[in-house]
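Following: one structure in structure tokens, then a few remarks.
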Amino acid sequence: MRPAHLIYEYSSTGRSGVALPQPDPDAPMVSDVIPADELRADLPLPEVSQNDVMRHYVGLSQKNFCIDTDMYPLGSCTMKYNPKVNEVTARLPGLAAIHPWQPDAQVQGALELLYELERLISAITGFAAITLQPAAGAQGEFTGMMIIRAHLLHTGKRRSKVLIPDSAHGTNPATAAMCGYDVVGIPTDERGELDVNALEASLDDEVAGIMMTVPNTLGLFESRIERICELTHDAGGYVYCDGANMNAMVGWVRPAELGIDVMHLNLHKTFSTPHGGGGPGAGALCVTGELEPYLPTPKVVRNEDGSFERRDDFPESIGRLHGSAGNFGNLVRTYTYIRSLGDSGLREVGELAVLNANYLRTKLSDLYEQAYDRTCMHEVVFAGLKDSADGIHTLDVAKRLIDFGFHPPTIYFPLIVGEALMIEPTETESVETLDRFVDAMRQIAHEARDEPDLLKEAPTSTPVRRLDETRAARRPNVRWTPDSPG
Amino acid sequence: MSYAPNTPADRDRMLAAIGVDSVERLFADIPESLRGPDLDVSPPLAEVEVIGHLRELAEKNRDLDHLTSFLGAGWYDHHVPAFVDQLLLRSEFYTAYTPYQPEISQGTLQGIYEFQSMICGLTGMDVANASLYDGGSAVAEAINMAINATRRKTVLMADTVDPVYRAIAATYTEPRDVALRTVKTWSMREDGVLVEALGALHDAVDEDTACVVLQRPNYFGWIEDTSALIERARAVKAVVVIAADPVALGVLKPPGEIGADVAVGEVRHLAGPPSFGGPGAGYFATTKAHMRRVPGRIAGQTVDVEGKRGFVLTLQAREQHIRRERASSNICTNQALVALAATIHLAGLGRIGLQRLAELCVGNAHACAGRDWPDGFSVAVERPYVREFPLKCPKPAAEVNASLIERNILGGLELGRFWDELEDYMLVAFTEKTGARAQTGLIDALRDAT
């Protein structure tokens, strides 16, 4: 493994790795057309050859773990196999090399794809209307809560509170706050579901709505979701669903039929678009017919003659969220995925995601403490080890898993489970891979009791070992400068 | 194909291990009447079929590979070198997620650190984040940060900031108790030339101003003389936000050297083809003073237990997963892969390459402007401009564009989309692709169009 040199540290004055066209001999010089006091004196970029660029970034890539390395059971993130055909279709010049401001007549294929994708998502979720503008789940949440807010204001209700379960993703309360709401927490009951009595006690005419996650972040289906929706609606509020966990429901239930009003989907989770090392994602937002007038613009509509156009003449719309039609490249991948799977393939997604998670649950629950002892959906949450030497924590289990060649699960989330280990295998792992993972987890459980140092020292097989995060935050070094120590 | 490998025999074995007799039992918490609906989705397509279908859709579009494009307005048609996409196709980059486990994510983390370093270098700022969704959301986040930092109630934007950025900022600030004021910063001279008029914006700045948002070069392509305006904003401690095209910054004095507190912008055109406007990636850079208010992920350098250099996500106390409703933003996922592509391209270009690329854009724009335009067409700009200028046409720009496309030329953005009085104007953009031959083609086509 090469040492961690920055690209700047290979610089040699005068090098460049890109072949650019020769300037037009008749073209003026920059200094002739832009005043000197508007021009920069220096440009601190590295100066390297193309070969240097390739070796440097290939070297960096080799320090990453990825889905194509091995199982990546990061709970809540749905790290399923990313089909390679999706990368081919997204790169077709007719889909990649098109400009957002080209007239509609020049981009009929792109608009048709968007229109059809909305229709497919509508079929899978049961919602009347979809926008594909949100660039990620969190932007979908913002869009959805803005829509609820707009509708309430439109009907003369200025409500101030949003209810959020204590098991929710951090984006939920952050979103509610961005939309100007006060957040009221709702506890989880002894079965790992939303406490319906606490919900009833919190519902009043100041409540704009509730942000649920279904299945919830404990990997459990909210079995009283219909009742929760009914209570919220009776109080004049709306039900938002964080769709991060849609993978469990694909083909098995249409969330709109549960009574949910608004839901975002993380297309990079359920619909297999790659996570890209932290994005780009894509978030579709789904709403009931009642809320359709508030969707962001521009919207793609189909005309009577079968042509498509983008329109923004929707007076109740919350406005624009994105520069164009959302993360189009990822929408092409999503469309390719849904058409590849078809009806039967989609049904297998939910089925095998849930089967795989329950298989892991069964195989590990004698050594790891199941947070709630019941059948799970697409992921299982453990509250750490049942038995270990003093001072061994979930973090140590996670780091030791790296030495066994697996990506660790999500840890310390949800916040309401102590020592949480949240394992989401997804449907694209074979039983043999699950068995290897079980073997590793079981061996680590034994080591935690008998050889705890193996866990405390882990990982030892990685390009770097445990890193000093406190130092990083206390003495921030967040950029290279010419006088940085090498 | 669902890409799910477990066969019926595997499934039976797993069900036996779990101790249930059917998969259906695992879904028992879902209300029975709603369970397992019919899906109105067509049957699966084989790989060859799905590629064929997508190719049919693709061929209904007029793509830039088969056109000469003068359309920019924030989305520029640059050639992105082959090595960029080759590196993006490495699974280790594109099939990884947010680097929650730094020991096995050093590639992504160091890539972010290098992106932050290059953005700081380009913009002249102290700290940059790992990217935001796009240029528009970066402007919106900058405004939110300025409101939080100053606790003031008025946001001032020049109307020469990208109208899409302004629209996104309006959506984001709508729920906040602030006034978003857009001030016209140009006027039309009698001869139709668009000229700068920053006076009204200058006069609007006062002690209640949270921030002033500008664009460099502005949406019309010219460099505004903002020195007095920025001086005024700084005097009342308003935050100065400047949106800047990173390619133009190859030659232009960076925002940090002209008084910006926040520099934002879009890097998509360094990363790949426009992809119908997404995914892009917004950059966000600011001064040390605002470091702990920055939205989104930040990578930092540290050491491991053996003292080896390494990188981690840092300053996370700002973020939603820790701070929840008190976070600086709700952003979680950013646009890491697009930012990485821009980083790789910038590394390949380097100091000399980015400067030359910017010079080519400037040179092509000015060479074309200096040509002998057909009657009725005129370059309608007074201030120094970079790579884009408003072109006054003898008839509505949409009509001109309709005849250009018949010659496989994609004309400039029709400014009437955003300003009624500019129906006869188009914004013509230049890159390294629109050299002398492309310019001759444009001028000839315009001559025939009249």
Side-chain angles (χ1 to χ4, degrees), chain A residues 4 16-18 27 44-45 47 60-61 63-68 89 92-94 96-97 100 106 108-109 123 135-136 138 170 173-175 177 180 183 221 223 274-281 319-320 324 327-329 342-343 345 348 352 359 427 430-431 462 464-465 467 472 477 479-480, chain B residues 2 4-5 10 14 29 39-41 43-44 54 57-58 60-65 90-92 94-98 103-104 106-108 117 120-121 133 167 171 175 273 275-279 300-302 304 310 314 320-321 324-325 327 330 333-337 348 350-353 363 367:
Chain A
S16 176
V18 172
L45 285 175
E47 298 181 75
L60 286 192
S61 77
K63 297 179 182 183
N64 267 6
F65 186 99
C66 69
I67 295 173
D68 291 347
T89 54
L92 290 170
Q106 295 176 24
Q108 284 294 301
T175 299
V183 172
F221 193 83
S223 61
H275 285 66
R320 200 181 246 283
S324 180
N327 280 346
F328 182 75
D343 50 359
E348 278 194 336
L352 283 150
Y359 184 74
E427 74 281 6
S430 69
V431 66
T462 44
V464 291
R465 296 186 53 202
L467 290 144
N477 169 351
R479 61 168 297 200
W480 171 90
Chain B
S2 67
D10 294 332
M14 294 167 76
D29 285 333
L39 280 184
D40 181 19
V41 175
L54 270 290
L57 289 174
K60 292 181 187 176
N61 298 329
R62 301 289 306 268
D63 67 78
L64 302 179
D65 288 4
R90 288 194 67 92
S91 291
E92 296 90 335
Y94 84 87
T95 79
Y97 198 23
T98 301
E103 298 90 340
I104 46 175
Q106 285 298 299
T108 294
S117 300
C120 287
Y133 304 134
T171 308
S275 190
F276 208 38
Q301 182 176 309
T302 185
D304 76 355
T314 193
Q320 47 78 24
H321 61 287
R324 298 177 79 84
E325 64 266 30
N330 76 339
T333 296
N334 54 65
Q335 306 281 114
L337 198 67
R351 182 178 67 86
I352 296 171

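A note on names: the letters A, B, ... follow the listed sequences, proteins ahead of strands, and every chain is numbered from 1.
For the pair B:Gln335 and A:Asn327, the minimum side-chain heavy-atom distance is below 4.5 Å.
Within the model, atoms CG of A:Asn477 and CD of B:Gln301 stand 4.5 Å from one another, a figure rounded to the nearest 0.5 Å. The distance from the CG atom of A:Asp68 to the CD atom of B:Glu92 is 8.0 Å, given to the nearest 0.5 Å.
Each of B:Asp63, B:Thr95, B:Val41 has some count of heavy-atom pairs under 4.5 Å with chain A, and the biggest count is that of B:Thr95. Interface remark: of the candidates A:Ala123, A:Ala96, A:Gly329, A:Ala96 forms the most heavy-atom pairs closer than 4.5 Å to chain B. When the candidates B:Pro279, B:Gly350, B:Ala367 are compared by the number of heavy-atom contacts under 4.5 Å with chain A, B:Pro279 comes out ahead. Contact count versus chain A (heavy atoms, under 4.5 Å) is highest, among B:Cys120, B:Gly121, B:Gly348, for B:Gly348. Interface summary for chain A: among B:Ala167, B:Gly353, B:Pro44, B:Ser91, the most heavy-atom pairs under 4.5 angstrom belong to B:Pro44. Among B:Pro43, B:Gly310, B:Ser117, B:Pro273, the residue making the largest number of heavy-atom pairs under 4.5 Å with chain A is B:Ser117. When each of A:Pro274, A:Gly277, A:Ala177 is scored by its heavy-atom pairs under 4.5 Å with chain B, the top score falls to A:Gly277. Ranking A:Pro100, A:Gly342, A:Gly345 against chain B, the residue ahead of the rest is A:Pro100, based on heavy-atom pairs under 4.5 Å. Looking only at heavy-atom pairs under 4.5 Å with chain B, the residue among A:Ala97, A:Gly17, A:Ser324, A:Ala27 that has the most is A:Ala97. Chosen from B:Glu103, B:Arg62, B:Glu325, B:Arg90, the residue pairing most often with chain A at heavy-atom distances under 4.5 Å is B:Glu103.
The parts of B:Thr98 that come within reach of chain A are both its backbone and its side chain, each placing non-hydrogen atoms under 4.5 angstrom from that chain. For chain A, the nearby parts of B:Arg324 are the backbone and the side chain; heavy atoms of each come within less than 4.5 Å.
Remark: side-chain polar atoms of A:Thr462 are paired, donor with acceptor, to backbone N or O of A:Val464 under 3.5 angstrom. Side-chain atoms of B:Asn330 come within 3.5 Å of backbone N or O of A:Ala138 as a donor-acceptor pair. In terms of modelled atom types and a separation under 3.5 Å, the side chain of B:Asn334 and the main chain of B:Ala336 share a donor-acceptor contact. A donor-acceptor pair is defined here as one N or O able to donate and one able to accept, closer than 3.5 Å; such a pair exists between the side chain of A:Asn64 and the backbone of B:Thr108.
Listed here is the closest heavy atom pair of B:Asn61 and A:Gln108: OD1-N, 3.4 Å.
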